[in-house]
Peer 1: 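Pasting a structure here, questions to come.
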Number of protein chains: 2
Amino acid sequence: MRKVIFIGAGNVSTSLASAFSNAGWSIVQVYSRTIDSAATLAKLYNSNAISNLSEIERFADLYIIAVPDSSISEIIDSIPIVNGVVVHTSGSTPLSVLSTLKSKGIGVFYPFQTFSRSRIVDLCNVPIFVEAGSDDVLNFLTAVGKELSHNVSYLNSEKRLLLHLSGVFASNFTNHILALTYRLATENGIDFKVLQPLVEETVVKAFTTNPKDVQTGPAIRNDIVTMEKHSAVLGNLDEQLQRIYNELSLSIQKLGKL
Amino acid sequence: MRKVIFIGAGNVSTSLASAFSNAGWSIVQVYSRTIDSAATLAKLYNSNAISNLSEIERFADLYIIAVPDSSISEIIDSIPIVNGVVVHTSGSTPLSVLSTLKSKGIGVFYPFQTFSRSRIVDLCNVPIFVEAGSDDVLNFLTAVGKELSHNVSYLNSEKRLLLHLSGVFASNFTNHILALTYRLATENGIDFKVLQPLVEETVVKAFTTNPKDVQTGPAIRNDIVTMEKHSAVLGNLDEQLQRIYNELSLSIQKLGKL
């Protein structure tokens with residue numbers, strides 16, 4: 001049975017561990033700075049929790065670093081010599097940060113999805129982007145990726161950063177727009193759920209074409225009367241919402257002219 | 001057979017006409033300022049195209065005004081006395097604009113969805129919000145709504161404006177964020193389609209909870225290094241994108257603290 005070790009027990013590890021386990025891998029260890037976090041994930045897969053990287057087993061096939069980007073270099077400095085492939089899962093961190101590692105190989109294994117601990121994501125349709133320090137490791141990571149998803153491809157560090165940035169817009173900003181909408185709706189006695197068919201249709205439509213071509217709403221129509229009504233309502237409720245409304249309306253009009 | 005007349009032949013009329021026709025209504029006339037637009041929609045339903053409101057038939061059951069908000073008052077001034085119920089379909093226009101009309105009844109029939117001419121929307125799950133000048137007309141419009149959708153409810157003009165504003169955030173702004181993403185991705189050789197599973201997961205997750213509670217990404221983690229990398233990339237590409245990135249990142253952090 002192939003062995004994988006998770007370094008980090010957060011959102012990404014939670015979904016990846018499920019996918020690796022389903023694909024027949026043994027999750028031999030889960031590391032986290034706090035042993036309780038490691039134990040929460042480890043116990044789901046009959047795995048060992050550790051909170052000290054010196055305890056890491058040296059002969060796993062794959063070591064997956066899935067920690068906040070800001071902690072990656074600290075983790076790398078603490079990993080002993082291991083006899084397997086070490087990857088990180090970060091969109092915005094180049095492969096080169098791993099180059100000081102003494103391991104069988106280094107790489108990047110980037111599942112392009114938004115992960116939360118409370119919700120395990122099926123990786124089957126999730127694009128996985130790989131990069132590696134050698135062709136052998138690249139082939140290995142591609143094969144591993146294909147066990148989890150039918151969409152695995154190579155992407156270099158520079159393009160991965162641009163993809164990550166695109167993901168921040170498409171996912172983090174979309175989620176935030178919805179979080180602002182949630183507040184606007186619920187604080188005014190409107191059930192947020194009523195917006196679901198609208199948002200679903202918006203997303204389906206956006207991916208049938210260039211979303212620019214199906215823009216609707218007052219800004220693209222230059223319907224100044226409606227925009228002024230909206231702005232007046234927002235001015236009474238929340239100045240930051242009003243600023244975002246004005247900035248995005250302006251941006252809709254500008255993109256519409258391109 | 002009950003008769004409906006569409007005043008306006010754009011995005012909203014296109015989807016509503018399909019729904020009314022499926023529900024067994026006869027679409028007797030379609031009005032548009034330009035006869036070609038009226039004819040395009042009319043010919044789908046064996047209906048008459050008109051471009052002069054004086055030609056409107058006086059004995060339809062329902063007259064649906066579906067024109068840009070800025071044209072509603074002009075339309076109202078040109079409608080002759082008719083012996084049916086006249087409604088508008090606008091989220092941001094109060095019922096009271098119809099009060100000068102000499103008709104059997106006035107009301108609002110607001111399907112809460114984003115409509116494009118190129119894509120007919122099934123109204124079955126779309127919330128329809130009604131308002132009327134009398135209880136009789138309200139009951140009539142509620143019954144008509146239920147022929148098209150299983151989600152029909154009353155909403156007054158003031159709350160409808162707030163709902164419409166919520167819809168602008170959830171749909172128009174989300175679509176625009178995706179349009180900006182499309183540009184960012186495709187201009188850098190990234191296939192926009194690769195973002196679809198990410199956006200779909202984001203939306204599904206947002207509606208299982210308060211989206212604020214599942215915010216991911218560098219801003220909510222206060223990951224300054226990643227945000228600076230992103231900002232640097234954007235600074236080289238597009239200053240307006242960079243401004244939107246900074247404004248929305250700030251807003252994510254602010255909402256996260258509430």
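In what follows, chains carry the letters A, B, and so on, assigned in the order in which the sequence lines appear, proteins first and then strands, with residues in each chain numbered from 1. Hydrogens, waters and symmetry mates are skipped; everything else that's a heavy atom, side chains included, is used.
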Peer 1: For the side chain of A:D223 and the backbone of A:P218, is there at least one donor-acceptor N/O pair under 3.5 Å apart?
Peer 2: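 Checking the backbone N and O of A:P218 against the side chain of A:D223, no donor-acceptor pair under 3.5 Å is found.
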Peer 1: Is the closest side-chain heavy-atom distance between B:L16 and B:L123 below 4.5 Å?
Peer 2: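 Contact flag for B:L16/B:L123 side chains = yes.
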Peer 1: Please answer whether the main-chain N or O of A:P211 pairs with a side-chain N or O of B:N175 as donor and acceptor at a distance below 3.5 Å.
Peer 2: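 Such a contact is found between B:N175 side chain and A:P211 backbone.
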Peer 1: Quick check on B:L258 against chain A: is it the side chain, the backbone, both or neither that has a heavy atom closer than 4.5 Å?
Peer 2: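 For B:L258, the side chain is the part near chain A, not the backbone.
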Peer 1: Identify which part of B:V194 has an atom lying under 4.5 Å from any heavy atom of chain A, answering side chain, backbone, both or neither.
Peer 2: both
Peer 1: Heavy-atom distances under 4.5 Å only: say whether A:N188 touches chain B with side chain, backbone, both or neither.
Peer 2: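 Both the backbone and the side chain of A:N188 come within 4.5 Å of chain B.
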Peer 1: So which of B:K205, B:K254, B:E247 has the largest heavy-atom pair count under 4.5 angstrom toward chain A?
Peer 2: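 Between B:K205, B:K254, B:E247, the count favours B:K205.
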Peer 1: Would you say B:R119's side chain and B:S15's backbone share a donor-acceptor pair under 3.5 angstrom?
Peer 2: no
Peer 1: Using a 4.5 angstrom heavy-atom cutoff, name the option from B:L155, B:V204, B:T209, B:L248 with the most pairs to chain A.
Peer 2: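 The answer is B:L248.
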Peer 1: Is it the side chain or the backbone of B:F112 that comes within 4.5 Å of chain A heavy atoms, both, or neither?
Peer 2: both
Peer 1: Would you check if there is a donor-acceptor pair between the side chains of B:S96 and B:S99 at a distance under 3.5 Å?
Peer 2: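 There is no such pair (donor and acceptor under 3.5 Å, judged by atom type) between the side chains of B:S99 and B:S96.
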Peer 1: Please classify the contact between A:F207 and chain B as side chain, backbone, both or neither, with a heavy-atom cut-off of under 4.5 Å.
Peer 2: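 Contact with chain B is through both the backbone and side chain of A:F207.
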Peer 1: Side-chain contact, heavy-atom cut-off 4.5 Å: B:L165 with A:Y245?
Peer 2: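 B:L165 vs A:Y245: side chains touch.
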Peer 1: Among B:A170, B:A206, B:G189, B:P127, which residue has the highest count of heavy-atom pairs closer than 4.5 Å to chain A?
Peer 2: B:A170
Peer 1: For chain A, which of B:Q240, B:R243, B:E200 has the most heavy-atom pairs under 4.5 Å?
Peer 2: B:Q240
Peer 1: Of all of A:L198, A:T202, A:T208, A:L163, which one pairs up most often with chain B through heavy atoms under 4.5 Å apart?
Peer 2: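 Sorted descending by pairs with chain B, the first entry is A:L198.
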Peer 1: Heavy-atom pairs under 4.5 Å with chain B - which of A:G217, A:P68, A:S249, A:S166 has more of them than the others?
Peer 2: A:S166
Peer 1: Is there a side-chain contact between A:N246 and A:M227 (heavy atoms, below 4.5 Å)?
Peer 2: no
Peer 1: Is the backbone of A:G145 close enough, under 3.5 Å, to the side chain of A:S149 for a donor and an acceptor to pair up by distance?
Peer 2: no
Peer 1: At a heavy-atom distance under 4.5 Å, which candidate from A:S116, A:A179, A:S171, A:S251 has the highest pair count against chain B?
Peer 2: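 Highest number of heavy-atom pairs under 4.5 Å: A:S251.
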Peer 1: Chain B heavy atoms under 4.5 Å from A:V233: which part of the residue, side chain, backbone, both or neither?
Peer 2: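 Interface part for A:V233: side chain.
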Peer 1: Between A:Q253 and A:A219 (side chain of the first, backbone of the second, donor and acceptor by atom type, cut-off under 3.5 Å), is there such a pair?
Peer 2: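 The answer is yes, because a donor-acceptor pair under 3.5 Å joins these two groups.
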Peer 1: Is it the side chain or the backbone of A:L237 that comes within 4.5 Å of chain B heavy atoms, both, or neither?
Peer 2: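 A:L237 touches chain B through side-chain heavy atoms alone.
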Peer 1: Which atoms of A:R117 come close to chain B, meaning under 4.5 Å heavy atom to heavy atom: side chain ones, backbone ones, both, or neither?
Peer 2: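 No part of A:R117 comes within 4.5 Å of chain B.
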Peer 1: Given heavy-atom pairs under 4.5 angstrom as the criterion, report whether the side chain, backbone, both or neither of A:Q113 touches chain B.
Peer 2: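 The answer is both parts of A:Q113.
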Peer 1: Counting C-beta onward and ignoring hydrogens, is there a side-chain heavy-atom pair between A:K159 and A:F129 closer than 4.5 Å?
Peer 2: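 Not in contact.
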Peer 1: Name the residue from B:I76, B:I75, B:T89 that meets the side-chain contact (heavy atoms from CB on, under 4.5 Å) definition with B:I7.
Peer 2: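 So the option named by the test is B:I75.
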Peer 1: With a 4.5 Å limit on heavy-atom distance, are the side chains of B:V126 and A:E201 in contact?
Peer 2: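 No, every pair of side-chain atoms sits at 4.5 Å or beyond.
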Peer 1: When heavy-atom pairs shorter than 4.5 Å are enumerated against chain A, which of B:L195, B:N125, B:I190 gives the highest number?
Peer 2: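 The option with the most such pairs is B:L195.
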Peer 1: Does any part of the side chain of B:N210, heavy atoms only, come nearer than 4.5 Å to the side chain of A:T186, both counted from C-beta?
Peer 2: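 Not in contact.
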Peer 1: Is it the backbone or the side chain of A:V214 that comes under 4.5 Å from a heavy atom of chain B, or both, or neither?
Peer 2: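 Contact with chain B involves both backbone and side-chain atoms of A:V214.
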Peer 1: Chain A heavy atoms under 4.5 Å from B:Q196: which part of the residue, side chain, backbone, both or neither?
Peer 2: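 Both the backbone and the side chain of B:Q196 come within 4.5 Å of chain A.
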Peer 1: Mind ranking B:T181, B:L161, B:T174 by heavy-atom pairs under 4.5 Å with chain A and telling me who comes out on top?
Peer 2: B:T181
Peer 1: Non-hydrogen atoms of chain B under 4.5 Å away: do they reach the side chain of A:I252, the backbone, both or neither?
Peer 2: both
